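To keep things clear, I will list the structure first and then write my remarks on it.
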Amino acid sequence: MFDVKLVLENREKVLKNLSARNFKETEAVDKIEEFDSKRKKLLTEFEAAKSLQNSRSKEMPQVMKNGTEEEKAAIKNELKLLSEKIKSFTPELKKVENDLNDLLLSIPNTLAEDTPIGKDESENVVVKKWGEKPVFDFKPLEHFDIAKKGIDLERGAKLCGTRFVVYTGAIAALERALMNYMMDCAVKNGYIEVIPPVIVNRETMTGSGQLPKFESDAYKTSEDLFLIPTAEVSLVNLHRNEVIQSSDLPLNYVSYTPCFRREAGSYGKDTKGIIRLHQFNKVELVKFTLPEKSDRELKKLTENAESILQGLGLHYRVVELCSGDLGFNSMKTFDIEVWLPGQNCFREISSCSNTGDFQARRASVRFKRENGKKTEFTHILNGSGLAIDRCIVAVLENYQQNDGTVIVPEVLRPYMENKEVITL
RNA sequence: GGAGAGGUGACCGAGAGGCUGAAGGUGCUCGCCUGCUAAGCGAGUGUAGUGCUAAUCCCGCUACCGAGGGUUCGAAUCCCUCCCUCUCCGCCA
């Protein structure tokens, strides 16, 4: 969320940022200015009237006790009129405040100073490559052909609909192994393990930035509760409306949860296999940091996510998103893309973002320095560590053998009864 | 889900229509005092908005006693709705 002052003081910069993000409704900036000055004007009048009411009200009991009949009637009448005046302000003031708030909630984050400018994903910047493409002496298959039985999309569709899956046997075991491996890595790297609710209320969804703008992307219950699209939502809101001691920062959390996404607007995209599901599992990392440390912590977070792939021996690259491809909440994002031989392309398996104080403002997550008087907003970062289902795709496609079996990466074997190979 | 009791500052806990941003205590901070420590004495100690301002320092004003409405000239105090906590019952993994 934006600070009104920031918008008004850095008008040109904000507009530049918005256009770099392909954010069209730039008139919002003018409206913010308009609503804010209207709000201040109303507020000043309202508070002046309120102040008068308060002081006159204090005199009221004295007058009622000792005053003449005339004085009594006068003060009563005066206060009655004042009260009515004050009440007449309220709806107008509320409306302006709400309108202003809605606008502020609908504008995407600013860009980091060094975020590359670009119009869409074609202008993202590859910043790192790790490992090598595996070489096959046969034509590598896609994951859904490797594990026809274990990845049961037909039954997933039967139970719920398209883009739902049932895992069975070795694939279900692989899923569990990956989850445990990732969680153990995160805990070793100093993240606190959390099991949060996967259904959350409206405030929570607003705090992390899903609402009000992206309501149609989320599954909603009849009680106005939402299924989380990522554990980021739950973790970011862990400290909503809290003031943290600076000595407790950074706070690093990791969570393994199912994630639910309606994927509205992606019909026809990735319809085969388990690349894009309405329900998938993900290990999510979230950090609360001091503002001056968040840049470094984003690097660490990204490295933590990368280390999972390194452990699995999977070839990947790191891409920095350009302004036009950046998510609503983020000021700087590194995507990790893993190599998929079956599809013959890199696919996003993690997205690590620094949201700066954007989410912290929405959720009011603040901290106090050792001897500081003022509270400040923390910086909040998030990253997948990693998307488990896509990791299954990567393991299957990279470790497939000509005989239809798949080699189990060494780091996963302790989690899979020390099996070296799975037969599907 | 049913019955009852509650939700007040960092914490404990008063207040039951105007004198309460909130007694008292604890904690914390800064002074004083004291062989050291403890005790004691004094002062301070929330957040947000807004006005003034070079200022995120002062100072003024406004709001905030779980949340949102209502009654009233005036609400922490009365009424309504919701949320949460505790006790008992029911149900259940």
Side-chain angles (χ1 to χ4, degrees), chain A residues 1-10 32-101 103-105 195-207 211 221-226 237-248 290-292 356-357 360-379:
Chain A
M1 170 144 91
F2 263 96
D3 185 355
V4 181
K5 280 181 199 147
L6 193 112
V7 174
L8 300 185
E9 279 163 21
N10 305 287
I32 285 172
E33 193 160 11
E34 184 195 323
F35 289 169
D36 187 55
S37 65
K38 196 172 163 195
R39 174 182 143 265
K40 277 185 188 163
K41 192 169 159 261
L42 279 169
L43 195 66
T44 311
E45 289 179 54
F46 171 81
E47 286 187 350
K50 195 73 193 167
S51 179
L52 184 61
Q53 183 189 44
N54 285 346
S55 59
R56 293 295 280 152
S57 277
K58 273 185 188 155
E59 296 163 16
M60 175 103 172
Q62 272 308 312
V63 177
M64 294 314 276
K65 218 179 189 180
N66 307 322
T68 64
E69 285 307 313
E70 252 173 54
E71 283 168 334
K72 286 182 195 173
I75 194 165
K76 236 178 152 170
N77 188 44
E78 183 194 347
L79 280 171
K80 177 102 190 164
L81 288 173
L82 242 182
S83 172
E84 274 159 17
K85 184 178 168 191
I86 287 166
K87 272 175 191 153
S88 73
F89 275 121
T90 319
E92 220 182 330
L93 192 58
K94 272 246 159 82
K95 190 177 179 309
V96 182
E97 278 175 350
N98 286 339
D99 288 351
L100 182 61
N101 204 248
L103 270 180
L104 290 169
L105 285 173
I195 300 182
V198 300
I199 303 179
V200 298
N201 59 28
R202 195 166 271 278
E203 292 74 54
T204 300
M205 286 287 275
T206 307
L211 296 184
T221 72
S222 53
E223 282 138 57
D224 207 38
L225 298 174
F226 299 83
N237 282 278
L238 236 35
H239 295 293
R240 176 151 50 87
N241 295 330
E242 290 183 16
V243 179
I244 302 166
Q245 280 302 314
S246 65
S247 55
D248 291 333
L290 293 170
E292 64 271 24
D357 64 7
R361 282 179 190 284
R362 291 179 157 247
S364 187
V365 182
R366 294 170 297 164
F367 72 96
K368 227 174 199 168
R369 295 184 194 271
E370 268 330 287
N371 293 309
K373 279 188 182 169
K374 288 291 285 181
T375 56
E376 301 170 50
F377 292 107
T378 64
H379 279 198

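Residue numbering restarts at 1 for every chain, and letters A, B, ... go by the order of the sequence lines. Please read these numbers as outputs of a predicted model, since none were measured by experiment.
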B/A22 versus B/G46 - spacing of their C1' atoms, nearest Å:
12 Å
Have a look at A/K80 and say if it touches a base, only the backbone sugar-phosphate, or nothing, with a 4.0 Å heavy-atom cut-off.
sugar-phosphate
Charged N to carboxylate O under 4.0 angstrom, A/E59 versus A/R56?
yes
One pair to check against side-chain contact (heavy atoms from CB on, under 4.5 Å): A/R369 and A/L290. What are the steps and the verdict?
CA-CA 9 Å; A/R369 295 184 194 271; A/L290 293 170; 4.1 Å; yes
Between atom NZ in A/K58 and atom C1' in B/C73, what is the gap in whole Å?
15 Å
Sticking with atom P, work out how far B/A23 lies from B/G15, rounded to a whole angstrom.
14 Å
In this structure, how many angstroms lie between the C1' atom of B/G68 and the CD atom of A/E97, rounded?
15 Å
Pairwise P distance, B/G60 and B/G21 [rounded to whole Å]:
15 Å
Taking the P atom in each of B/G27 and B/C12, what is the distance between them to the nearest angstrom?
15 Å
Within the 4.0 Å heavy-atom criterion, would you say A/E376 contacts the bases, only the backbone, or no part of the nucleic acid?
nothing
When every nucleotide of nucleotides 50-65 of chain B is labelled 5' to 3' by its protein contacts under 4.0 Å (heavy atoms), B for base, S for sugar-phosphate only, - for none, what sequence of letters results?
SS----S-S--BBS--
Within this structure, what is the CZ-to-C1' distance between A/R240 and B/A67, rounded to whole angstrom?
13 Å
Atom CG of A/L82 to atom C1' of B/C73: distance rounded to whole Å?
9 Å
Within this structure, what is the OG1-CZ distance for the pair A/T378 and A/R361, rounded to the nearest 0.5 Å?
10.5 Å
Under 4.0 Å, counting only non-hydrogen atoms across every strand here, what does A/S57 touch: a base, just sugar-phosphate, or nothing?
base
Salt-bridged, A/K72 to A/E69, with N to O below 4.0 Å?
yes
Length of the line joining A/R361:CZ and B/A48:P, which is rounded to integer Å
12 Å
Evaluate the side-chain proximity of A/V243 to A/F367: yes if any heavy-atom separation is below 4.5 Å, no if none is.
no
Mind calculating the distance between CE (A/M60) and P (B/G17) to the nearest angstrom?
17 Å
Give the rounded distance in Å between these two atoms: NZ of A/K87 and C1' of B/G69.
13 Å
Could you measure between the two C1' atoms, the one in B/C79 and the one in B/U71, and give it in whole Å?
7 Å
Take atom P in B/C83 and the same atom in B/C28, then report the distance between them in whole Å.
39 Å
Stem segments of RNA chain B by first residue number [Watson-Crick or G-U, under 3.5 Å, at least 3]:
B:1-7 with B:83-89, B:10-12 with B:24-26, B:27-32 with B:40-45, B:46-51 with B:59-64, B:66-70 with B:78-82
Taking atom P in both B/A3 and B/U29, compute the distance separating them and give it to the nearest angstrom.
49 Å
Do NZ/NE/NH1/NH2 and the carboxylate oxygens of A/E376 and A/R366 come within less than 4.0 Å?
no
For the residue pair A/V365 and A/F377, establish whether any side-chain heavy-atom pair is separated by less than 4.5 Å.
no
Please tell me if the side chains of A/D357 and A/P291 come closer than 4.5 Å, counting only heavy atoms from C-beta onward.
no
Look only at the side chain of A/T204 and the backbone of A/V200, and say whether a donor-acceptor pair between them is shorter than 3.5 Å.
no
side-chain contact (heavy atoms from CB on, under 4.5 Å) evaluation trace for A/Q245 with A/D248:
CA-CA 5 Å; A/Q245 280 302 314; A/D248 291 333; 3.7 Å; yes
A/S83 vs B/U72: side-chain N/O to OP1/OP2 distance below 4.0 Å
no
Out of B/G69, B/G74, B/U47, whichever nucleotide has its closest atom nearest the side chain of A/K94
B/G69
Between B/U72 atom C1' and A/Q53 atom CD, what is the distance in whole Å?
11 Å
RNA chain B nearest-nucleotide lookup for A/R366 and A/M64: closer to the 5′ end is A/M64
Nearest-angstrom distance, P atom, B/G66 to B/C73:
25 Å
Within the 4.0 Å heavy-atom criterion, would you say A/K368 contacts the bases, only the backbone, or no part of the nucleic acid?
sugar-phosphate
Check whether A/T90 reaches the backbone of A/I86 with its side chain - one donor and one acceptor, N or O, closer than 3.5 Å.
yes
